[in-house]
Amino acid sequence: MRSKIVAGNWKMNNNKGETQNLLSDLKKGLPATEAEVIVAPAFVNLAQASEALEESSIQVSAQNMHFASNGAFTGEISADMLLSIGVDTVIIGHSERRAYFGETDDFLAKKVETALSMKMRIIFCFGEELEDRKSGSHFEVVGNQLKNALFSLPEEAFQSIVLAYEPVWAIGTGETASPEQAQEMHAFIRKTLSQTYSESVAQEISILYGGSVKPANASEIFSKPDVDGGLIGGASLVAADFLAIVKAI
Ligand code: PEP
């Protein structure tokens, strides 16, 4: 079901105490909203976040998971481990996982398959690099990322997937895609889904924009018809900023 979503990816930030403080500020300040609000703390703080938010409408997501169900994968976390602490949403394919940890489309496809088989909800990230945008190949790059990681899935799988278009050149750089650039790509994504699957898949999926979203630019980006919300990095670490972005939707 297509819904408005604001999700905060905390990345490798916030120790236990800082996590507690930020969660408490978010709970206290959460405005009345129709949007789903999601936070993704670091693995070690997920159980704590899950407990702290039990009575709150704020949901918890993991930032990553492994595709294997268990075994000799030192340092990795399985879907079952996440589910056992009440976390049923996972971010897959973030550009930092792709760039720094060598996660390829094929590798991500396996994670997607596992997450779906475990009935988890996926926030699937993708987006072009600056050189792709400069050379005009951004639509092709994004189309291929979706095709390689997702388009072997059956149509019903898309009920459990949220897409997050995050142009790499706009992540953590302060440089945002213009609302028009975001809209243009989101419309392209819906068209691609419609052509590959059906118009209902294209219309029912939530597509988030991510890349230097801040209180100052959120409402303009969110006003675009094919933008259903945002995946927020830096600004999700400051309660007042994240809450202002929630209010902007
Ligand atoms: C992100 O990493 O998903 C992100 C969008 O980061 P930022 O908001 O800091 O650009």
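Atoms within a ligand are numbered from 1 in the order they appear, just like the ligands themselves.
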* Can you tell me if Glu204 and Gln159 form a side-chain donor-acceptor pair at under 3.5 Å? -> no
* Asked: Just which atoms of ligand 1 are under 4.0 Å from any heavy atom in Ser212?
  -> 7 (P), 8 (O), 10 (O)
* Which atom names give the shortest non-hydrogen contact between Val112 and Ile122, and what distance separates them? -> O-CD1, 3.7 Å
* Structure fact -> Numbered in order shown, the ligand 1 atoms found under 4.0 Å of a heavy atom of Gly234 are 7 (P), 8 (O), 9 (O)
* To do: Sequence neighbours left out, what passes side-chain contact (heavy atoms from CB on, under 4.5 Å) with Ala149? Give chain and number order.
  => Phe124
* To do: Examine ligand 1 and decide if any of its atoms is less than 4.0 Å from a heavy atom belonging to Ala170.
  => yes
* To do: Could you tell me which atoms of ligand 1, counted from 1 in the order shown, lie closer than 4.0 angstrom to a heavy atom of Gly233?
  => 4 (C), 5 (C), 6 (O), 7 (P), 8 (O), 9 (O)
* To do: Could you tell me whether some N/O pair between Thr173 and ligand 1 is separated by less than 3.5 angstrom?
  => no
* Only one of His94, Arg97, Arg98 forms a side chain to side chain donor-acceptor pair (under 3.5 Å) with Glu103, so which one is it? -> Arg97
* If you measure from the Lys or Arg side-chain nitrogens to the Asp or Glu carboxylate oxygens, is any gap between Glu34 and Lys4 under 4.0 Å? -> no
* Could you verify whether a donor N or O on one side chain and an acceptor N or O on the other, from Trp169 and Glu131, lie under 3.5 Å apart? => no
* Give a yes or no on whether the backbone of Phe222 and the side-chain of Asp228 come within a donor-acceptor separation of less than 3.5 Å. => no
* Asked: With no hydrogens and no angle check, do the side chains of Gln203 and Arg190 hold a donor and an acceptor under 3.5 Å apart?
  -> no
* **Nitrogen or oxygen atoms of Ile232 and ligand 1 under 3.5 Å apart** => no
* Asked: To the nearest 0.1 Å, how far is atom 3 (O) of ligand 1 from its closest protein heavy atom, and which atom is that?
  -> Glu166 OE2, 2.6 Å
* To do: Taking only heavy atoms of Lys11 into account, list the atoms of ligand 1 that are under 4.0 Å away from them.
  => 1 (C), 2 (O), 6 (O)
* To do: Work out whether the distance between some heavy atom of Ala235 and some atom of ligand 1 is less than 4.0 Å.
  => no
* Heavy atom of His94 under 4.0 Å from ligand 1? -> yes
* **For Gly172, atoms of ligand 1 separated by under 4.0 Å from a heavy atom** => 7 (P), 9 (O), 10 (O)
* Structure fact -> Under 4.0 Å from one or more heavy atoms of Gly211, ligand 1 contributes atoms 5 (C), 10 (O)
